[in-house]
Amino acid sequence: QVQLVESGGGSVQAGGSLRLSCAASGYTASSAYMAWFRQAPGKERDGVAIIDRLGGGTYYTESVKGRFTISQDNAKNMVYLQMNSLKPEDTAMYYCAAAASRRYGFTWWQAAYNYWGQGTQVTVSS
């Protein structure tokens, strides 16, 4: 089992920055990929960024490329999402997720992620 706890959300004006953190506990060695997803009000949950816990490779959805950076500190079992140049359309609940298997690689398929956090709210005002 892996437990995930997100933090770092808040309210910020457009153009500002936030850094989200995801603390993983439990059997963290079972996590092959870590990802951030987000869900805006009235919309489906979508993928934002993925990191390969072993190789460190990353993958982003097109709308955040050049603005968001996913990173990790394996020694601390932490995953981060640095969000710069925030836009109102980035407003959403942000979720951390962990995939136990390397089978699906960098995927937005949510069923591939075995563990989810409770989410942290990000609100960007114009």
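Quantities reported herein were computed from a predicted structural model and do not represent experimental measurements.
A cation-pi contact, defined as under 6.0 Å to the ring centre and within 45° of the axis, links Arg45 to Tyr95.
Tyr113 pairs with exactly one of Phe37, Phe106, Tyr33 by the ring pair (Phe, Tyr, Trp, His ring centres under 6.0 Å) rule, that one being Phe37.
Interatomic distance, OG of Ser63 versus CD of Glu89, reported as 8.5 Å (0.5 Å rounding). Taking CD of Gln72 as the reference point, atom CD1 of Ile51 lies at 4.0 Å (rounded to 0.5 Å). Interatomic distance, Gln1 CD to Ser25 OG, rounded to the nearest 0.5 Å: 10.5 Å. Taking CD from Gln121 and OG from Ser11, the interatomic distance works out to 7.5 Å, rounded to the nearest 0.5 Å. Here Leu18 contributes atom CG and Leu81 contributes atom CG; the two are 9.5 Å apart, rounded to the nearest 0.5 Å.
Residues Pro88 and Ser126 come closest through the heavy atom pair CG-CB, 3.9 Å. The two atoms that bring Val64 and Val48 nearest to each other are CG2-O, 3.7 Å, heavy atoms only. Contact record, Ser31 with Ala98: OG-CB, 3.7 Å, taken as the closest heavy-atom pair. Listed here is the closest heavy atom pair of Gln82 and Ser17: NE2-CB, 4.0 Å. Here the shortest heavy-atom pairing between Arg53 and Met34 reads CD-CG, 3.3 Å. The nearest pair of heavy atoms linking Trp36 to Ser21 is CH2-O, 3.6 Å.
Arg38 and Tyr94 form a side-chain donor-acceptor contact under 3.5 Å, judged by distance and modelled atom types alone.
The side-chain heavy atoms of Arg67 and Asp90, taken from C-beta on, include a pair separated by under 4.5 Å. With contacts defined as side-chain heavy-atom distances shorter than 4.5 Å, the pair Ser7/Thr120 does not qualify. When side chains are defined from C-beta on, Leu86 counts as touching Phe68, because their heavy atoms get closer than 4.5 Å. Counting only heavy atoms from C-beta outward, the side chains of Asp46 and Gln39 never approach each other to under 4.5 Å. The shortest distance between side-chain heavy atoms of Ile70 and Val79 falls below 4.5 Å.
Residue Met83 is grouped with residue Val12 when hydrophobic side chains (ILVMFWY) are merged at heavy-atom distances under 4.5 angstrom, including chains of intermediate members.
Counting heavy atoms of neighbouring residues, nucleotides and ligands inside a 6.0 Å radius, atom OH of Tyr59 does not exceed 12 of them.
The backbone N or O of Thr123 sits nowhere less than 3.5 Å from a side-chain atom of Thr91 that would complete a donor-acceptor pair. At distances below 3.5 Å, not a single donor-acceptor pair connects side-chain atoms of Asn74 with backbone N or O atoms of Asn77. Using a distance-only test at 3.5 Å, with no hydrogens or angles considered, a donor-acceptor pair links the side chain of Glu6 to the main chain of Gln118.
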Given Trp108 and Thr61, is the side-chain contact (heavy atoms from CB on, under 4.5 Å) satisfied, shown in steps?
CA-CA 9 Å; Trp108 299 130; Thr61 193; 4.1 Å; yes

With side-chain contact (heavy atoms from CB on, under 4.5 Å) as the test, would you mind laying out the steps for Ile50 and Tyr60 before giving the verdict?
CA-CA 7 Å; Ile50 307 170; Tyr60 298 91; over 6 Å; no

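Looking at residues two or more places apart in sequence or on another chain, you find a side-chain hydrogen bond (donor to acceptor under 3.5 Å, both in side chains) between Glu62 and Lys65. Scored by the salt bridge (charged side-chain N to carboxylate O under 4.0 Å, His left out) test, Asp52 finds Arg102 as partners (sequence neighbours excluded).
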